[in-house]
There are 2 protein chains.
Amino acid sequence: MRKAPRQARSREMVERIISAGRSVLVKDGYDAFSTNRVATAAGVSPGSLYQYFPNKTAILDVVIDRYWEQVAESVAASLADRIGGTGTNAVRDTVDALVAALEADPALLRVMAEELPVARNKSRRGVLEKRVSDLAAIYLAARPEASRRPSPAITAWVLVLSLEALATRWVLDQPPNLERDQLIEEMVALVMGYLQG
Amino acid sequence: MRKAPRQARSREMVERIISAGRSVLVKDGYDAFSTNRVATAAGVSPGSLYQYFPNKTAILDVVIDRYWEQVAESVAASLADRIGGTGTNAVRDTVDALVAALEADPALLRVMAEELPVARNKSRRGVLEKRVSDLAAIYLAARPEASRRPSPAITAWVLVLSLEALATRWVLDQPPNLERDQLIEEMVALVMGYLQG
DNA sequence: TGATGACGCGAGTATTTGCTCGTATTCAAT
DNA sequence: ATTGAATACGAGCAAATACTCGCGTCATCA
């Protein structure tokens with residue numbers, strides 16, 4: 001941020017810009033994400049935009065941050081709730097929460113996962129993965145009987161990456177002949193089979 | 001292709017351009033992939049370049065195609081070889097082949113997987129995934145005792161996506177505390193556990 | 001109420017870059 | 001050897017676009 005908006009008017013404008021950034025991204029795609037277009041969509045002049053954002057990337061970063069933050073928040077919350085639980089049901093609930101979190105805004109997910117160069121996303125996505133991975137590793141370490149795999153950290157890494165890939169692709173591709181319920185069952189089977197040998 | 005090179009000289013030039021495209025991509029990154037830069041790297045003028053390629057994208061497409069073609073070829077070949085085999089060893093060999101194929105050119109893989117917008121890759125990667133997925137589905141359908149999962153096609157989809165994600169991330173991130181051998185064992189455990197319940 | 005500074009504007013600049021076109025050079029068939 | 005086609009050149013055009021600057025407006029204080 002180049003400077004902090006002090007008056008209510010300008011704080012509103014900053015919000016309008018971020019929100020316009022999101023909708024330009026969704027409606028016009030990443031390639032069309034230009035400062036002028038964002039400014040127009042926000043009903044603001046380019047000059048005003050540059051009063052609060054140092055460059056184009058800064059706007060994009062805020063949009064990306066907010067998205068992954070929201071996903072991470074809901075997955076981690078659900079996982080933390082279930083961390084006392086045990087067995088298939090806890091796994092199912094967590095997997096469901098992951099799918100639900102990605103289903104929440106498919107249009108933006110598509111941009112994040114397919115149009116944006118992954119490098120732009122990587123650190124933010126890393127935060128999500130690390131957060132979930134750590135929780136899972138703690139769970140596994142605390143319950144040796146839940147897993148026959150040697151290293152909790154590695155086990156968590158394997159599960160998080162696999163499930164993330166499956167959930168993302170399911171949301172984006174909506175494979176025919178694979179209903180949501182069955183997807184969840186497959187993911188649960190993958191997890192339980194891997195853990196139990 | 002705008003026109004086919006007829007003389008040996010020009011065929012060589014086309015090859016030089018493609019090869020220069022690859023190395024610009026690897027050395028300078030996707031953002032720096034400009035026609036002028038590719039031309040310079042190839043020791044060729046922009047005008048010459050446009051005699052055989054209609055636009056920038058066409059050059060990029062050839063580079064991308066060649067890469068995934070090569071990966072698909074080696075994975076599919078290995079999988080086809082093992083399709084008569086059975087049990088853990090066949091799985092291990094196939095998984096190993098996947099990791100090996102991605103390890104072959106990590107620098108280019110990084111560009112493909114991280115710098116390029118996924119959309120640019122999707123169709124080519126889809127070919128790889130479909131090819132491997134179909135083979136796996138055929139194998140599973142032919143050996144009901146190998147899997148307790150209901151649908152071979154869905155089972156194959158789950159496995160291909162998971163393994164691809166794991167192998168790619170391992171090659172690119174080289175997670176500490178996860179040696180190649182152990183990665184393979186984790187992947188095998190994931191597959192066998194999922195199939196056998 | 002008037003003055004100070006935050007705010008907002010939008011035409012304009014500076015740069016990048018995909019691509020073309022007129023010209024020069026080389027090849028290969030006769 | 002000649003000639004015409006194929007090839008190669010590279011300066012430069014046109015368009016896109018990230019970003020700036022100087023000026024007018026409004027909010028918030030004394």
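Each chain gets a letter, A, B and so on, in the order the sequences are listed, and its residues count up from 1. Values below: every heavy atom of this structure, side chains too, minus hydrogens, waters and symmetry copies.
Remark: C1' of C:dG22 and CD of B:Q51 are 13 Å apart, rounded to the nearest angstrom. Across the protein-nucleic acid pair, A:N55 atom CG and D:dT17 atom P stand 16 Å apart, rounded to whole Å. Remark: C1' of D:dC9 and CD1 of B:I17 are 13 Å apart, rounded to the nearest angstrom. Atom CZ in A:F33 sits roughly 16 Å away from atom C1' in D:dA16 (whole-Å rounding). Residue A:R37 contributes atom CZ, which lies 15 Å from atom C1' of D:dA15 at whole-angstrom precision. What separates CE of B:M13 from C1' of C:dT25 is a distance of 14 Å, to the nearest Å. Rounded to an integer number of Å, the gap from CG of A:D31 to P of D:dA18 is 11 Å. In this structure, the CD atom of A:E12 is 13 Å from the P atom of C:dC7, given to the nearest Å.
Proximity of A:V95 to A:E185: side-chain heavy atoms (C-beta onward) are nowhere separated by under 4.5 Å. Counting heavy atoms from C-beta outward, A:M187 and B:V158 have side chains that stay 4.5 Å or more apart. In this structure, B:Y67 and B:R22 have side chains that are not in contact, with every pair of non-hydrogen atoms separated by 4.5 Å or more. Looking at heavy atoms from C-beta onward, B:V188 lies in side-chain contact with B:M192 at the 4.5 angstrom threshold.
No contact: B:R11 has no heavy atom under 4.0 Å from any strand. A:F53 comes within 4.0 angstrom of no nucleic acid atom, judged by non-hydrogen atoms across all strands. Using a 4.0 Å heavy-atom distance criterion, A:S34 is classed as a sugar-phosphate-only contact.
For B:R9, taking side-chain heavy atoms from C-beta onward, the closest of the listed nucleotides D:dG10, C:dC7, D:dT7 is D:dT7. Candidate nucleotides D:dC19, D:dA11, D:dA8 were compared by shortest atom distance to the side chain of A:N36, and D:dC19 ranks first. Nearest to the side chain of A:R6, among D:dA18, D:dA8, C:dA6, sits C:dA6. Here C:dA6 is the nucleotide among D:dA18, C:dA6, D:dA8 with the atom lying nearest to any side-chain atom of A:Q7.
Note on B:Y50: a side-chain N or O is less than 4.0 Å away from OP1 or OP2 of C:dC19. For D:dA8, neither phosphate oxygen OP1 nor OP2 lies less than 4.0 angstrom from any side-chain nitrogen or oxygen of B:S45. Applying the 4.0 Å criterion to OP1 and OP2 of D:dA6, one finds that B:K3 has every side-chain N and O outside that range. Regarding contacts with the backbone of C:dG18, a side-chain N or O of B:T35 is found under 4.0 angstrom from either OP1 or OP2. Contact between the side-chain N/O atoms of B:R2 and the OP1/OP2 oxygens of C:dT20 is found at a separation under 4.0 Å.
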Under 3.5 Å, which donor-acceptor pairs do the side chains of residues 11-18 of chain B form with other protein atoms, sequence neighbours left out?
from	atom 1	to	atom 2	distance (Å)
B:R11	NH1	B:R6	O	2.8
B:E15	OE1	B:R66	NH1	3.3
B:E15	OE2	B:R66	NH2	3.0
B:R16	NE	B:A42	O	3.0

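One axis for each end of the helix from C:dT1-D:dA30 to C:dT30-D:dA1, each built from five base pairs, and the angle between them comes to 10° at 10° resolution.
Follow the hydrophobic side-chain contacts under 4.5 Å out from A:I138 and you never reach A:L161; the two are in separate clusters.
Heavy-atom minimum distance, A:L195 versus A:A146: CB-O, 3.6 Å.
Looking at which nucleotide of DNA chain D each of B:S10 and B:G47 is closest to, the 5′-most match is held by B:S10.
Ion pairing between B:K122 and A:D173 holds under the 4.0 Å rule for side-chain N and carboxylate O.
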